[in-house]
Amino acid sequence: MNRKTEPAQDAVKKARGLMTLLFGLYAVYQIFVIVTAIGAPAGDWSELVVTLLQALAGIALTFLPELLRRLHWIEMRPGLEMAYLVFLFLALFLGTLMRFFVNVSFWDTLTHALASALGAFALYGIWEAVAMSWSEQVTAPSEARGHAKSEATAATHRQTAKRYEAPQRTGRRASQGKGLLQRAPWDNGPMGYGFALGMTLVGGVLWEIYEFTIDAFMPKQNLQRYAAIGGGLLEGRAALMDTMVDLIWDLTGAVVALVIVWGIRKKTGRRLGQVRFRP
């Protein structure tokens with residue numbers, strides 16, 4: 001492990017432990033509530049069970065990056081993983097379990113903007129990792145073929161060395177040189193930004209479908225704000241306002257994040273390297 005990343009890794013471990021403690025304590029509390037609510041109407045039971053499942057899901061999602069790392073699939077840089085844990089705390093623990101989504105008017109908008117920004121950043125990181133993997137797969141075979149060819153024609157080269165000079169490398173191929181990776185032709189092009197933006201918006205749409213489904217089975221959740229807080233169903237444009245505002249902030253957060261990514265890459269000329277595939 002790089003010494004520079006050790007403090008950041010320690011901070012991520014501490015944050016992961018704190019998140020596990022919070023979700024675990026809430027799950028224990030919810031089990032107590034369920035036990036004491038024996039005999040309650042079925043609708044109340046379903047709400048309590050779903051809340052318990054949400055707390056348990058919080059524990060599972062806390063360890064998701066670590067699971068992906070241990071399975072040798074994807075590894076996040078400590079900064080990106082810490083941002084993920086902070087978002088999980090804001091959205092799932094405070095927003096859902098502590099009911100900030102209901103009691104704080106701007107919380108839903110805040111978490112949608114943060115989620116889309118973080119999602120776009122991570123998805124672009126995955127795109128970079130794919131480009132890096134492509135470069136490694138293309139460069140290694142080409143270098144092996146070049147080595148085999150040079151061995152097979154070594155005698156000929158020695159015989160003609162006195163008569164001809166070896167040609168010098170020029171142009172783009174020269175910059176790729178020995179030991180350097182060939183850059184994927186679509187690396188840092190518009191396709192990467194389009195992929196990250198499109199997949200982030202797909203995630204936002206799927207989240208709205210999730211809210212719609214939960215509201216269908218548990219109307220008291222009112223995730224899509226189709227009912228007024230004081231009671232009564234909203235009509236017309238007012239009933240659509242929450243869903244459309246969420247989607248607009250999904251788009252805004254993703255665009256802002258990708259503009260920042262573009263600016264960083266333009267200034268440094270390097271990949272961000274926030275995500276990599278583990279061998």
Side-chain angles (χ1 to χ4, degrees), residues 57 61 64-65 67-69 73-92 95-96 101 106-138 181-214 223-225 237 240-278:
L61 291 173
L64 179 61
L67 176 63
L68 295 176
R69 182 182 299 111
W73 290 356
I74 290 178
E75 182 175 4
M76 296 182 185
R77 291 281 296 274
L80 182 59
E81 187 171 352
M82 181 63 78
Y84 166 79
L85 293 175
V86 170
F87 168 75
L88 201 60
F89 173 74
L90 295 175
L92 187 52
T96 301
F101 285 140
F106 63 85
W107 205 257
D108 189 40
T109 299
L110 172 66
T111 53
H112 270 276
L114 291 177
S116 59
L118 180 62
F121 199 77
L123 285 165
Y124 190 82
I126 292 175
W127 181 268
E128 283 188 334
V130 171
M132 190 66 180
S133 178
W134 182 93
S135 299
E136 292 172 349
Q137 292 177 11
V138 169
L181 297 177
Q182 296 183 27
R183 172 170 287 187
W186 30 265
D187 186 19
N188 198 31
M191 290 179 61
Y193 299 100
F195 165 78
L197 178 61
M199 293 304 297
T200 300
L201 294 180
V202 168
V205 172
L206 292 177
W207 180 259
E208 295 302 321
I209 293 174
Y210 160 78
E211 289 186 345
F212 177 80
T213 304
I214 293 297
L223 296 179
Q224 292 198 305
R225 307 294 188 273
R237 184 180 179 86
L240 298 173
M241 190 61 67
D242 179 77
T243 299
M244 293 309 303
V245 169
D246 288 348
L247 292 175
I248 290 171
W249 278 105
D250 288 338
L251 175 62
T252 303
V255 170
V256 170
L258 292 175
V259 168
I260 293 173
V261 169
W262 175 83
I264 293 173
R265 289 207 59 168
K266 183 176 179 62
K267 182 177 180 179
T268 63
R270 296 181 299 176
R271 296 187 179 98
L272 299 182
Q274 293 295 318
V275 179
R276 73 183 183 93
F277 294 127
R278 286 181 62 87

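For this chain, numbers begin at 1 and follow the sequence in order.
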Derivation and outcome, side-chain contact (heavy atoms from CB on, under 4.5 Å), residues L80 and L118: CA-CA 8 Å; L80 182 59; L118 180 62; 3.5 Å; yes
Trace of the side-chain contact (heavy atoms from CB on, under 4.5 Å) decision for T111 with W107: CA-CA 6 Å; T111 53; W107 205 257; 3.9 Å; yes
Between CD1 on residue I248 and OG on residue S116, distance to nearest 0.5 Å: 12.5 Å
Taking every non-hydrogen atom, the tightest pair across L258 and Y124: CD2-CB, 4.3 Å
Return all side-chain donor-acceptor pairs below 3.5 angstrom for residues 199-212, not counting sequence neighbours, or 'none' if the list is empty.
residue: T200; atom: OG1; partner: A120; partner atom: N; Å: 3.4
residue: T200; atom: OG1; partner: A196; partner atom: O; Å: 2.6
residue: W207; atom: NE1; partner: E211; partner atom: OE2; Å: 2.8
residue: E208; atom: OE1; partner: Q224; partner atom: NE2; Å: 3.3

Identify all side-chain donor-acceptor contacts of residues 81-91 below 3.5 Å with residues at least two apart in sequence or on another chain.
residue: E81; atom: OE1; partner: R69; partner atom: NH2; Å: 2.8
residue: E81; atom: OE2; partner: R16; partner atom: NH2; Å: 2.8
residue: Y84; atom: OH; partner: L61; partner atom: O; Å: 2.6

CA sep, side-chain torsions, deciding dist, call: F121, I260, side-chain contact (heavy atoms from CB on, under 4.5 Å): CA-CA 9 Å; F121 199 77; I260 293 173; 5.6 Å; no
Spacing of R225 atom CZ and T243 atom OG1 [to the nearest 0.5 Å]: 10.0 Å
For the student: nearest non-hydrogen atoms of A254 and L197, plus distance: CB-CD1, 3.7 Å
Minimum side-chain heavy-atom gap F101-L223 below 4.5 Å: no
Contacts of V245 that satisfy side chain to side chain contact (heavy atoms under 4.5 Å, CB included) - sequence neighbours left out: T109, M241, W249
